[in-house]
There are 2 protein chains.
Amino acid sequence: MEQEITDILKQSQLSITDNRLKILKLFQNNDKALSHADIEKLSGKHFDRVTIYRTLQTFVDKGIIHTIPTADNSIMYALCKEACSEGHHHDDHVHFLCDKCGTTYCLDNVNIPAVNIPKGFSAHQTNVLVNGVCKNCK
Amino acid sequence: MEQEITDILKQSQLSITDNRLKILKLFQNNDKALSHADIEKLSGKHFDRVTIYRTLQTFVDKGIIHTIPTADNSIMYALCKEACSEGHHHDDHVHFLCDKCGTTYCLDNVNIPAVNIPKGFSAHQTNVLVNGVCKNCK
DNA sequence: TAAATTTTGCAACCTTGTTGCAAACCAATA
DNA sequence: TATTGGTTTGCAACAAGGTTGCAAAATTTA
Ligand SMILES: [Mn+2]
Ligand SMILES: [Mn+2]
Ligand SMILES: [Zn+2]
Ligand SMILES: [Zn+2]
């Protein structure tokens with residue numbers, strides 16, 4: 001397990017630091033998306049705010065995590081499970097936000113449906129965000 | 001035209017003020033979504049920042065405009081065209097963000113496709129945001 | 001018109017995110 | 001293992017975006 005985490009960093013050609021190991025572990029131990037604020041709390045305020053911002057950005061750049069657009073204008077981050085790499089994300093799944101507990105889930109098995117856009121427009125990427133009540137809050 | 005705008009405010013039981021008339025007119029004259037910053041520029045800095053924030057929030061509450069979640073974490077606002085009312089929005093259409101010009105469109109005629117969510121989850125609302133190139137930038 | 005209510009502008013504040021830079025750290029080499 | 005060079009970190013300072021309390025101004029009601 002510990003080994004896995006260092007491997008992910010090595011494969012992305014990132015140096016192994018306490019900070020990166022701890023933040024990556026947080027994502028692996030939580031089966032949901034995390035915000036910058038979540039990470040600040042979960043890490044016990046051990047790391048500087050700025051370092052967390054930079055680490056998250058690095059992970060996004062390297063294809064380790066992806067961002068999730070939310071209706072309330074906060075950025076959420078979650079582990080990439082498909083074959084994402086530096087500069088190329090392929091996180092084509094639906095995201096679910098529970099209105100009761102606030103948890104954001106990656107529905108990795110739910111594909112993005114096709115959308116008919118008008119003539120003249122050309123689509124590049126589609127984001128689908130579903131709000132509702134999750135399995136734990138039902 | 002001028003009459004229409006005051007009617008909208010009256011129907012929502014809002015006092016008629018210069019501020020509200022001007023902001024509402026901006027939405028009617030622009031066939032695209034506007035951000036707080038857009039409104040500040042378009043209004044010629046005539047109104048206070050805070051007043052614009054409060055006016056937008058009031059319009060959202062009254063069902064006059066709706067917010068659009070964007071991938072770049074900025075809030076966009078657009079006129080509601082369907083029968084939205086205080087506390088009840090029904091803006092079930094797809095939104096399109098042009099990667100070239102940055103314009104956000106309401107695709108009012110493109111319905112939200114059905115999404116199969118897993119058992120245990122119950123959906124309440126679905127947001128679909130498509131990125132790509134718009135008809136003007138093609 | 002006058003009173004009651006609502007809206008506005010201002011100042012002050014908060015949250016979130018960014019940048020420059022020196023110190024600390026990590027990885028590679030001798 | 002010690003040295004070295006490049007990378008990462010923490011700090012301070014800053015900037016954008018957004019909120020709150022309150023008195024003055026504007027609007028609605030009577
Ligand atoms: Mn995801
Ligand atoms: Mn819309
Ligand atoms: Zn829940
Ligand atoms: Zn365009």
Side-chain angles (χ1 to χ4, degrees), chain A residues 2-3 5-26 33-62 64-65 67-77 86 102 104, chain B residues 2-3 5-26 33-62 64-65 67-77 86 102 104:
Chain A
E2 181 77 31
Q3 188 56 34
I5 299 179
T6 60
D7 283 351
I8 293 175
L9 293 179
K10 278 179 189 164
Q11 277 167 32
S12 298
Q13 297 177 298
L14 292 172
S15 1
I16 318 293
T17 70
D18 288 350
N19 185 314
R20 288 173 177 163
L21 288 173
K22 186 153 188 178
I23 292 182
L24 205 40
K25 214 181 290 180
L26 286 179
L34 300 175
S35 66
H36 177 276
D38 291 332
I39 291 166
E40 220 171 355
K41 280 173 208 140
L42 289 169
S43 70
K45 308 246 177 198
H46 248 225
F47 304 118
D48 191 79
R49 270 169 6 98
V50 179
T51 304
I52 297 176
Y53 280 115
R54 289 197 269 227
T55 301
L56 290 172
Q57 189 54 55
T58 300
F59 285 179
V60 170
D61 291 344
K62 291 290 187 176
I64 298 172
I65 60 178
T67 60
I68 304 169
T70 66
D72 74 329
N73 222 41
S74 68
I75 310 180
M76 301 296 293
Y77 302 87
E86 183 159 6
T104 300
Chain B
E2 179 78 29
Q3 187 56 34
I5 298 178
T6 60
D7 283 351
I8 293 175
L9 294 178
K10 278 179 190 165
Q11 276 167 32
S12 297
Q13 297 177 301
L14 292 172
S15 336
I16 318 293
T17 69
D18 288 349
N19 185 313
R20 288 175 178 160
L21 288 173
K22 186 151 188 180
I23 292 180
L24 204 41
K25 214 181 289 181
L26 286 179
L34 300 176
S35 66
H36 176 276
D38 291 333
I39 291 165
E40 220 170 354
K41 279 172 209 141
L42 290 170
S43 70
K45 308 247 177 195
H46 244 232
F47 305 119
D48 192 79
R49 269 171 6 101
V50 179
T51 303
I52 297 176
Y53 280 116
R54 290 196 270 225
T55 301
L56 290 172
Q57 189 54 55
T58 300
F59 285 180
V60 170
D61 292 343
K62 291 291 186 176
I64 297 172
I65 60 177
T67 60
I68 303 169
T70 65
D72 75 329
N73 223 43
S74 67
I75 310 180
M76 301 297 291
Y77 302 87
E86 182 157 7
T104 301

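Proteins get letters first, then strands, A, B, ... in listed order; numbering begins at 1 in each. The figures that follow rest on heavy atoms only: side chains count, while hydrogens, waters and symmetry mates do not. Note that the structure is predicted; figures quoted are calculated from it, not measured.
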If only side-chain N and O atoms of A:Ser15 are considered, is one of them under 4.0 Å from the OP1 or OP2 phosphate oxygen of D:dT8? yes

Winner on side-chain proximity to B:Leu14, out of D:dT19, D:dT8, C:dT7, is C:dT7

Read 5' to 3' with Watson-Crick or G-U pairs under 3.5 Å, [ ] for crossing pairs and | for partners on another strand, DNA chain C gives ||||||||||||||||||||||||||||||

Closest to the 5' end of DNA chain D, once B:Gln57 and A:Asn19 are matched to their nearest nucleotides, is A:Asn19

In this structure, CD1 of A:Ile5 is separated from CG of A:Leu21 (nearest 0.5 Å) by 6.5 Å

Against the side chain of B:Phe47, the closest entry in C:dT7, C:dG9, C:dG17 is C:dG9

Rounded to whole Å, the NZ-C1' distance (B:Lys41 to D:dA16) equals 12 Å

Separation of C:dG9 atom C1' from B:His46 atom NE2, nearest Å, is 14 Å

- For A:Arg54, which contact category applies under a 4.0 Å heavy-atom criterion: base, sugar-phosphate, or nothing? base

Closest of D:dT9, D:dT19, C:dG17 to the B:Tyr53 side chain is D:dT19

Check: Under 3.5 Å, is there a donor-acceptor pair between the A:Asp7 and A:Gln11 side chains?
Finding: no

Practice prompt. Could you check if a side-chain atom of A:Thr55 sits within less than 4.5 angstrom of a side-chain atom of A:Ile39, using non-hydrogen atoms only?
Written response: no

Below 4.5 Å, heavy atoms only, C-beta onward: do A:His36 and A:Ile75 meet side chain to side chain? no

Comparing nearest nucleotides in DNA chain D, the 5'-proximal residue of the pair B:Ala37, B:Asp18 is B:Ala37

B:Ile23 CD1 to C:dT7 P, in whole Å, measures 13 Å

Between CD1 of B:Ile75 and P of C:dT16 the distance, given in whole Å, is 13 Å

* With no hydrogens and no angle check, is any side-chain donor or acceptor of A:Arg20 less than 3.5 Å from a backbone partner on A:Ser15? -> yes

Q.
Side chains of A:Asp38 and A:Ser35 only: does a donor on one sit below 3.5 Å from an acceptor on the other?
A. yes

message: Below the 4.0 Å mark, does D:dT9 have OP1 or OP2 next to a side-chain nitrogen or oxygen of A:Thr17?
response: yes

note: B:Lys10, atom NZ; D:dT28, atom P; distance rounded to Å ~ 8 Å

In whole angstroms, the gap separating C1' of D:dC14 from CZ of A:Arg49 amounts to 11 Å

### Message
With a 4.0 Å cutoff (strictly under), does any side-chain N or O of B:Thr51 reach OP1 or OP2 of C:dG9?
### Response
yes

B:Gln13 atom CD is separated from C:dT7 atom P, nearest whole Å, by 11 Å

When rounded to whole Å, the NE2 to C1' distance for the pair A:His36 and C:dG17 reads 8 Å

